[in-house]
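Contents: one structure, followed by commentary.
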Amino acid sequence: MHPDQQDPETRVAQQLRQSADRQQMHDLLVDYCLYLDRMELQSLAALFTPDCVVVYGEDPRLQSRGASALAGSLERMWRWSRTSHHLSNVRFAFDGEDAANVISYVMAWHERDDGSVATIYGQYRDRIVRTDGGWRIAERRMFMNGSDAGFTVPITPVERRAPPPGWKAPDIDR
């Protein structure tokens with residue numbers, strides 16, 4: 001049934017439930033960043049479904065199938081002495097009552113033991129599903145918008161539309 005055809009009480013109840021669901025999914029995404037920065041990998045893995053698919057890049061070492069495999073794969077993050085992951089621009093698109101496609105932007109700062117740093121700006125594209133234990137990430141794919149010179153991990157770049165034919169850049173970058 002289209003939302004405009006629902007009675008007002010049903011529509012309000014659905015809006016309230018989706019609002020609560022959005023907040024729970026947002027908390028899930030923030031917990032991911034918190035656990036990754038603390039290197040609490042088992043807590044991080046519990047945010048995913050047992051059969052999740054996670055792809056941070058084309059390299060097979062950046063891909064995992066299953067929450068326990070993800071925790072093992074993310075042990076590579078111990079090579080950094082500190083990290084700081086920040087989320088923004090979160091967009092939820094519900095697919096029924098128990099699933100959503102979510103895009104969030106991430107800025108991830110990494111510091112090596114020698115003090116050098118690497119920063120990536122990217123997107124997480126997630127499929128999040130409602131489980132008996134709450135909302136969990138069933139699929140995550142990461143894409144890179146950009147990075148500084150210190151970040152050399154091969155993350156799949158975000159596709160961007162080409163400029164129109166004949167477009168010329170203004171000379172404003174001085």
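All of these numbers come straight from a predicted model, not from anything done at the bench. Excluded from the calculations below are hydrogen atoms, water molecules and symmetry mates; all remaining heavy atoms, backbone and side chain alike, are included.
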Quiz item: If you measure from OG on S64 to OH on Y56, what distance do you get to the nearest 0.5 Å?
Solution: 7.0 Å
Quiz item: Can you tell me if D126 uses its side chain to pair, donor with acceptor, with the backbone of I128 under 3.5 Å?
Solution: no
Practice problem: Dump the intermediate steps for side chain to side chain contact (heavy atoms under 4.5 Å, CB included) on M144 and V153, then the final yes or no. | Solution: CA-CA 10 Å; M144 181 169 64; V153 178; over 6 Å; no
Exercise. Indicate the atoms forming the closest heavy-atom contact of A71 with A45, along with that distance.
Key: CB-CB, 3.9 Å
Practice problem: Starting from the C-alpha separation in whole Å, work towards a yes-or-no answer on side chain to side chain contact (heavy atoms under 4.5 Å, CB included) for M142 and I120. | Solution: CA-CA 11 Å; M142 185 174 188; I120 180 174; 3.7 Å; yes
Quiz item: Could R141 and Y124 be counted as a cation-pi pair, given that NZ or CZ must be under 6.0 Å from the ring centre and within 45° of the axis?
Solution: no
Quiz item: Distance-only, no hydrogens or angles: does the H110 side chain make a donor-acceptor pair with backbone N or O of A108 under 3.5 Å?
Solution: yes
Quiz prompt | Expected output: side-chain N89 to main-chain S104 donor-acceptor under 3.5 Å | solution = no
Quiz prompt | Residue pairs involving residues 73-89 (criterion salt bridge (charged side-chain N to carboxylate O under 4.0 Å, His left out); sequence neighbours excluded) | solution = R82-E111
Quiz prompt | R112 atom CZ, over 12 foreign heavy atoms within 6.0 Å | solution = yes
Quiz item: Ignoring hydrogens and geometry, is there a side-chain-to-backbone donor-acceptor pair from N101 to D95 under 3.5 Å?
Solution: no
Quiz item: Could you give the distance from CG (D113) to CH2 (W80), rounded to the nearest 0.5 Å?
Solution: 10.5 Å
Quiz item: Are L41 and L28 in one and the same hydrophobic cluster, where Ile, Leu, Val, Met, Phe, Trp and Tyr link if side-chain heavy atoms are under 4.5 Å apart?
Solution: yes
Quiz item: Are L34 and Y105 connected, step by step, through hydrophobic side chains (Ile, Leu, Val, Met, Phe, Trp, Tyr) whose heavy atoms are closer than 4.5 Å?
Solution: no
Quiz item: Have S88 and H86 got a donor and an acceptor in their side chains that come within less than 3.5 Å?
Solution: no
Self-check item: Row check, Y32 ring normal vs R140 NZ/CZ: under 6.0 Å, within 45°
Solution: yes
Exercise. Return yes if a side-chain donor-acceptor contact under 3.5 Å exists between Q24 and R22, otherwise no.
Key: no
Self-check item: Cluster link V117 to F151, ILVMFWY, side chain under 4.5 Å
Solution: no
Quiz prompt | From CA spacing to verdict: side chain to side chain contact (heavy atoms under 4.5 Å, CB included), Q63, V54 | solution = CA-CA 6 Å; Q63 301 177 15; V54 179; over 6 Å; no
Quiz item: Do I137 and L62 belong to the same hydrophobic cluster, where Ile, Leu, Val, Met, Phe, Trp and Tyr are linked whenever their side-chain heavy atoms lie under 4.5 Å apart, directly or via other members?
Solution: yes
Exercise. Using a strict 4.0 Å threshold on nitrogen-to-oxygen distance, state whether E139 and R125 make a salt bridge.
Key: no
Quiz item: For the hydrophobic clusters of this structure (ILVMFWY residues joined by side-chain heavy atoms under 4.5 Å, transitively), does one cluster hold both V90 and W135?
Solution: yes
Quiz item: Considering residues, nucleotides and ligands other than Q18, do more than 12 of their heavy atoms fall under 6.0 Å from its CD?
Solution: yes
